[in-house]
Amino acid sequence: MSSPPTEELIKQWESEQEQLRQQVVEEDTEDWQKSPGFSGLKRVGGADLSFIKGDEVNACAQLVVLSYPDLTVLYEDSQMVTLTAPYVSGFLAFRETPFLLEALQRLKTTQPTLMPQVVFVDGNGLFHYREFGLACHLGVLSGLPCVGVAKNLLQVQGVFKDQQHQSQIAALQKGGDSFPLTVASGKVLGKALRSYDKSSKPVYVSVGHKISLETAVRLTHSCCRYRVPEPIRQADVRSREYLRIHFPATDA
DNA sequence: GCGACAG
DNA sequence: ATCTTGTCGC
């Protein structure tokens, strides 16, 4: 529902995240990931949900598959869904994952040959309070390689959005430049990436599943025509267009 | 009480 | 997430 979750549910969610966390694979598992030019990579996916203004429960779940390296849309699926979980920072996956899995299932059933070899997810992967964000959740439950790309910095385990961070951003000179997001333990959980030359605001890339951080960053850069990687951008554009057409704004 | 808060 | 047009610049 839209009401805040009980302490009990939060504890259950944390427990589920800690359980599934152990199944995340943080290394490259596919041959194309080891190739300098990603030779062998043909299809990249993007997933996103768009909402109607002022509506907490109805949304459009979107899955797109693009060709690589052309980045042409090969497949598109828009589906209205009714959300059951509220948005709580750190628990985004419990709100969105079920519908993204359903979309992948529809693809598997109707166009199995278009199944993406990697999925870009709008949100974090390992760069998360319990190292198990949306991209990890979708990755583990689907078994597909996933990359998390967040548009805003989540302040995790000692990574702050302070003056230091701002100066590191200012030091990113060109598309592809990045700096590590190192948490208190010393582990690098993600990277801030200047996704293309003209963008001064970085995106935050982290491992979802079955891919290394270095490969995730290199792949993300190679999928950026604009600031947001094309698979996610197309999913966003098309789900919002779907809502615009099917649920036109009502005048007061 | 105050700040933080992926989408 | 969403509220929102024009405008400056390459």
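Below, chain A is the first sequence line, B the second, and so on; all start at residue 1.
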Whole angstrom is fine here: how far is it from [atom1] in [X] over to [atom2] in [N]?
| X | N | atom1 | atom2 | result |
| --- | --- | --- | --- | --- |
| A:Leu243 | C:dT4 | CG | P | 16 Å |
| A:Gln62 | C:dA1 | CD | P | 15 Å |
| A:Phe247 | C:dT2 | CZ | C1' | 16 Å |
| A:Ile52 | C:dT4 | CD1 | P | 16 Å |

#### Entry: Base versus backbone protein contacts along nucleotides 1-7 of chain B [heavy-atom cut-off under 4.0 Å; B, S, -]
---SSBB

Does a salt bridge link [X] with [Y], judged by any charged N lying under 4.0 Å from a carboxylate O?
| X | Y | value |
| --- | --- | --- |
| A:Asp122 | A:Lys151 | yes |
| A:Asp236 | A:Arg233 | no |
| A:Arg21 | A:Glu26 | yes |

### Task
Using the six-membered ring wherever Trp is involved, compare the ring planes of A:Phe91 and A:Trp13 and label them parallel, tilted or perpendicular (cut-offs 30° and 60°).
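Because their plane-to-plane angle lies in the 30° to 60° range, the rings of A:Phe91 and A:Trp13 count as tilted.
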
### Message
Once you measure the plane-to-plane angle for A:Tyr196 and A:Tyr226, does it fall in the parallel (<30°), tilted (30-60°) or perpendicular (>60°) bin?
### Response
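Rings of A:Tyr196 and A:Tyr226: perpendicular, as their planes differ by over 60°.
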
### Message
What's the gap between C:dT2 and B:dC5 when it is taken at their C1' atoms, as a whole Å value?
### Response
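It works out to 16 Å between them.
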
### Query
Would you call A:Arg194 and A:Lys201 a side-chain contact if the rule is heavy atoms closer than 4.5 Å?
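A:Arg194 does not reach A:Lys201 side chain to side chain.
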
### Task
Hey, which sits more toward the 5' end of DNA chain C by its nearest nucleotide, A:Lys198 or A:Lys53?
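Mapping each residue to its closest nucleotide by heavy atoms, the 5'-most match is A:Lys53.
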
